[in-house]
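Take a look at the structure set out below.
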Amino acid sequence: MISSVTKFSLSLSLFLKRMISNTPNSYSHSFVKSPISLLQTCNSMYQLNQIHSHTIKMGLSSNHLFLTRVIIFCCTNESGDVYYARKVFDEIPQPSVFIWNTMMKGYSRINCSESGVSLYKLMLFHNIKPDNFTFPFMLKGFTKDMTLKYGKMLLNHAVKHGFLDSNLFVQKGFIHLFSLSGLVDLARKIFDMGDGWEVVIWNVMLSGYNRVKRFEESKRLFIEMEKCECVSPNSVTLVLMLSVCSKSKDLDGGKYIYNKYIKEGIVEPNLKLENALIDLFSSCGEMDAARGVFDDMKTRDVISWTSIVTGFANTCRIGLARKYFDQMPERDYVSWTAMIDGYLRMNHFKEVLTLFREMQMSNVKPDEFTMVSILTACAHLGALELGEWAKTYIDKNKIKNDTFIGNALIDMYFKCGNVEKAMKIFNEMQKKDKFTWTAMIVGLANNGHGEEALTMFSNMLEASVTPDEITYIGVLCACTHVGMVTKGRNFFSNMTIQHGIKPNMTHYGCMVDLLGRAGQLKEALEVILNMPIKPNSIVWGSLLGACRIHKNVQLAEMAAKEILELEPENGAVYVLLCNIYAACKKWENLHKVRKLMMERGIKKTPGCSLMEMNGIVYEFVAGDKSHPQSKEIYAKLEKMKQELINAGYSPDTSEVFLDVGEEDKETSLYLHSEKLAIAYALISSGNGVTIRIVKNLRMCVDCHLMAKVVSKVYNRELIVRDKTRFHHFKHGLCSCNNFW
DNA sequence: TTAGGGTTAG
């Protein structure tokens with residue numbers, strides 16, 4: 001058998017022999033035929049070059065048909081060089097529409113649609129009218145950006161030339177383009193112009209709705225499709241519809257598809273369809289069904305496994321998720337991220353970071369999804385150094401810096417108390433969504449910048465971004481932190497009037513907080529009593545917190561009673577009540593509650609402080625001696641005590657409710673976890689370095705007082721994030737104005 | 001034309 005290369009060489013030598021033995025003029029007709037037929041056997045640019053250069057040498061390269069064939073080869077053949085075609089094209093005096101179209105097809109093939117459009121414009125400039133082929137060829141290589149830039153203009157041209165309502169290929173080209181670029185309504189208009197579309201076009205429309213998350217419209221279109229006699233769903237349609245049901249958590253819809261088409265054998269299941277089924281069951285929490293599909297599969301791929309892992313992670317069965325994750329034959333970056341995210345969901349932040357390190361050891365490169373999870377973990381841990389590292393990693397590795405990343409960075413910086421850097425990220429962000437604005441409002445409010453948070457809110461409205469219920473939580477928090485009661489009340493009613501958001505439990509909690517902290521305890525109680533929904537323990541807890549600040553024993557007892565009826569095991573309530581009794585010197589009541597706690601086996605949640613040092617997150621609990629430098633820490637604490645007392649600090653034992661003498665009360669105060677963290681920070685970090693601590697409970701009055709004095713005596717900035725807010729200590733003052 | 005992982009509060 002003669003190979004194509006040999007065949008080509010033989011033809012070329014034959015052609016050359018003819019050229020030598022005949023004068024070109026007398027054989028001009030047969031000459032033209034020869035290289036054209038040669039071009040048909042040629043399959044590389046090298047061969048094409050040979051033919052072309054020989055014809056040029058012979059001065060016979062200007063034949064229109066020959067040049068057309070050269071352009072066709074270069075534009076349509078896989079190994080063809082489109083730029084070569086363009087050079088040839090530019091030499092043709094008056095190219096036909098066919099040649100213009102072929103050039104555009106070439107540009108689409110190599111994804112240079114911008115050049116395709118330029119060529120199209122040039123064609124119009126030369127007064128050449130496009131034909132039926134022009135648009136489908138040109139549109140084929142369009143990206144989303146290109147569609148948004150030129151799509152509508154080209155559609156108008158197609159309408160003007162009468163192709164849109166007469167040519168199926170033009171219609172299909174535009175439907176594809178618009179549907180998959182997010183301009184789904186435009187696509188639908190063209191779709192509705194025709195009837196009897198083939199299944200692929202229905203699928204393209206469904207896919208378009210899915211991409212812009214308009215799942216209800218996907219469902220409606222699918223119902224229409226089922227009614228249409230000329231088309232039947234195929235496996236792609238079912239994958240699309242199962243995806244719709246999965247994303248909209250419509251288990252019944254998904255089961256309908258499964259029972260009608262798959263179980264009945266109307267559509268043969270394949271890997272993607274089975275994966276779509278696993279995803280449906282997993283996202284609806286039906287793990288037995290998901291596992292059933294998974295177990296019955298002949299072949300599984302990384303997506304099948306990842307969907308199972310995600311399903312277990314989402315149903316809080318992190319152990320099972322991990323079991324499947326460990327069994328996976330191969331893991332890609334999505335699998336790792338799914339597992340990391342499972343830990344994040346369970347608030348197992350340290351495991352998040354450990355697994356991320358393992359991921360890096362496995363040489364699997366993280367992407368922007370992974371990094372969002374990492375940043376979120378850093379945010380919760382208050383791990384600024386690690387968060388900064390993650391940012392550098394993103395920049396260095398050119399990980400897509402999208403809105404999700406920006407939002408996660410803002411949140412991380414705020415949760416680590418770094419307001420300036422959060423602002424910087426915000427200002428540099430190209431696209432801002434409601435999450436961006438909400439993160440700013442909440443972040444500023446929690447860091448004590450209530451006024452700025454409210455300015456941010458008006459900027460958000462000016463930018464025509466619609467706030468959601470969480471944005472309003474931030475807005476109400478901002479009012480609480482700066483004590484703007486009237487403004488807060490206005491926002492609370494505007495929330496429903498202007499934005500149609502019905503206040504939920506948290507909003508009522510915010511209102512109770514707002515009024516309570518401002519000392520309007522009666523009004524706060526009225527809010528609770530007039531709520532249209534049954535108040536939960538958080539709402540009552542807000543009132544209880546306000547009672548602590550304003551030392552209102554009677555109301556505190558009422559609130560505590562309500563909470564304990566809802567949550568008899570809520571240890572924090574007993575503690576808060578004890579704090580209040582201690583502060584009001586109601587020793588007898590305090591003893592009663594203490595006794596009750598003992599009887600009911602209620603334990604105080606141990607105080608715990610996290611502090612990051614050199615990229616390691618250290619955890620301190622009250623009276624902790626587990627740290628390797630424990631001895632030095634306690635020695636430092638002892639030394640600090642004297643230095644601080646000399647500077648005017650005097651221990652505040654008012655909230656200590658231990659049944660011990662005054663001296664022991666002071667000792668117990670010294671064991672608080674944030675004090676241990678502060679002492680460790682002072683011995684292990686250089687002068688002037690900001691100390692950042694994350695505390696799991698509310699800071700006690702004494703630790704708060706001590707932190708203020710520390711900031712003055714050692715000239716250090718301290719940022720403590722406690723359960724509800726931030727405390728920025730500087731020069732002996734705190735950003736919360738002693739109100740928390 | 002089709003399947004898996006991400007951000008805001010409490």
Side-chain angles (χ1 to χ4, degrees), chain A residues 172 175-176 179-180 197-208 210-211 233-244 246-247 270-280 282-283 300-311 313-314 328 331-342 344-345 366-376 379 400 402-412 414-415 433-443 445-446 467-477 504-507 509-510 513 536-539 541-542 723-724:
Chain A
K172 285 201 282 192
I175 293 173
H176 256 99
S179 184
L180 305 181
W197 290 114
E198 64 209 83
V199 63
V200 173
I201 298 297
W202 285 88
N203 291 348
V204 168
M205 272 312 306
L206 290 173
S207 174
N210 284 9
R211 279 171 199 225
N234 65 7
S235 71
V236 176
T237 323
L238 301 191
V239 168
L240 284 162
M241 288 318 295
L242 287 174
S243 168
V244 166
S246 160
K247 303 261 161 49
N270 57 32
L271 179 64
K272 283 181 181 158
L273 196 47
E274 286 168 324
N275 283 347
L277 266 175
I278 296 179
D279 173 51
L280 166 83
S282 283
S283 66
R300 305 176 187 105
D301 66 1
V302 65
I303 295 178
S304 335
W305 283 91
T306 306
S307 299
I308 289 285
V309 169
T310 310
N314 288 348
M328 286 178 76
R331 302 179 196 102
D332 64 7
Y333 56 100
V334 180
S335 336
W336 281 96
T337 309
M339 194 61 232
I340 285 175
D341 206 54
L344 193 60
R345 207 176 275 269
D367 70 351
E368 65 273 21
F369 283 67
T370 326
M371 295 317 289
V372 164
S373 300
I374 301 308
L375 286 171
T376 308
K400 197 177 159 202
D402 63 8
T403 315
F404 282 87
I405 288 278
N407 295 346
L409 275 170
I410 290 177
D411 183 48
M412 184 273 292
F414 272 131
K415 288 215 172 86
D433 60 11
K434 72 166 181 182
F435 292 91
T436 320
W437 292 98
T438 304
M440 287 304 292
I441 293 162
V442 172
N446 286 338
D468 67 6
E469 54 201 43
I470 297 162
T471 320
Y472 267 102
I473 292 171
V475 169
L476 295 174
C477 273
N504 65 25
M505 195 71 82
T506 317
H507 296 115
C510 286
D513 227 15
N536 68 2
S537 63
I538 296 166
V539 177
S542 295
K723 208 182 171 189
T724 55

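All of these numbers come straight from a predicted model, not from anything done at the bench. Residue numbering restarts at 1 for every chain, and letters A, B, ... go by the order of the sequence lines.
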Would you classify A:Thr370 as touching base, sugar-phosphate or nothing, given that sugar-phosphate means primed atoms plus P, OP1 and OP2, and contacts are heavy atoms under 4.0 Å? base
Give A:Glu368 one of three labels, base, sugar-phosphate or nothing, depending on what nucleic acid heavy atoms sit under 4.0 Å from its own. base
How would you label the contact of A:Lys400 with the nucleic acid (heavy atoms, under 4.0 Å): base, sugar-phosphate, or nothing? nothing
Under 4.0 Å, heavy atoms only, any strand: does A:Arg331 hit a base, just the sugar-phosphate, or nothing? nothing
Report yes if a side-chain nitrogen or oxygen of A:Arg211 is closer than 4.0 Å to either non-bridging phosphate oxygen (OP1 or OP2) of B:dT2; otherwise report no. yes
Listed by chain and number, what are the ring pair (Phe, Tyr, Trp, His ring centres under 6.0 Å) partners of A:Phe414, not counting sequence neighbours? none
Holding to salt bridge (charged side-chain N to carboxylate O under 4.0 Å, His left out), I want the full list of residues that pass it with A:Glu469, two or more places apart in sequence or in another chain. none
What are the atom names and distances for every N/O pair under 3.5 Å that joins the protein to nucleotides 8-10 of chain B?
unit_1: B:dA9; atom_1: OP1; unit_2: A:Lys415; atom_2: NZ; d: 3.3

Can you list everything that forms a salt bridge (charged side-chain N to carboxylate O under 4.0 Å, His left out) with A:Lys723? Sequence neighbours excluded, please. none
Backbone N/O of A:Ser307 and side chain of A:Ser282: donor-acceptor pair under 3.5 Å: yes
Could you tell me whether the side chain of A:Asp301 has a donor or acceptor atom within less than 3.5 Å of a complementary atom in the base of B:dG4? no
Working for salt bridge (charged side-chain N to carboxylate O under 4.0 Å, His left out), residues A:Lys172 and A:Glu198: CA-CA 10 Å; A:Lys172 285 201 282 192; A:Glu198 64 209 83; 2.9 Å; yes
Compare the minimum distances between each of B:dG4, B:dT7, B:dG5 and the side chain of A:Phe404, then state the nucleotide with the smallest one. B:dT7
Specify the residues of residues 233-242 of chain A, ordered by number, for which at least one heavy atom lies under 4.0 angstrom from an atom of DNA chain B. A:Val236, A:Val239, A:Leu240
Heavy atoms only, 4.0 Å cut-off, all strands: where does A:Asn210 land among base, sugar-phosphate and nothing? nothing
Is any side-chain N or O of A:Ser207 closer than 4.0 Å to OP1 or OP2 of B:dT2? yes
Hey, is the side chain of A:Ser307 pairing donor to acceptor with the base of B:dG4 inside 3.5 Å? no
Kindly write out the residues that satisfy salt bridge (charged side-chain N to carboxylate O under 4.0 Å, His left out) with A:Arg345, not counting sequence neighbours, or none if the list is empty. A:Asp341
Mark yes or no for a side-chain to base donor-acceptor pair under 3.5 Å between A:Asp367 and B:dG6, with no hydrogen or angle criteria applied. no
Would you mind classifying the nucleic acid contact of A:Leu180 as base, sugar-phosphate or nothing, using non-hydrogen atoms under 4.0 angstrom? sugar-phosphate
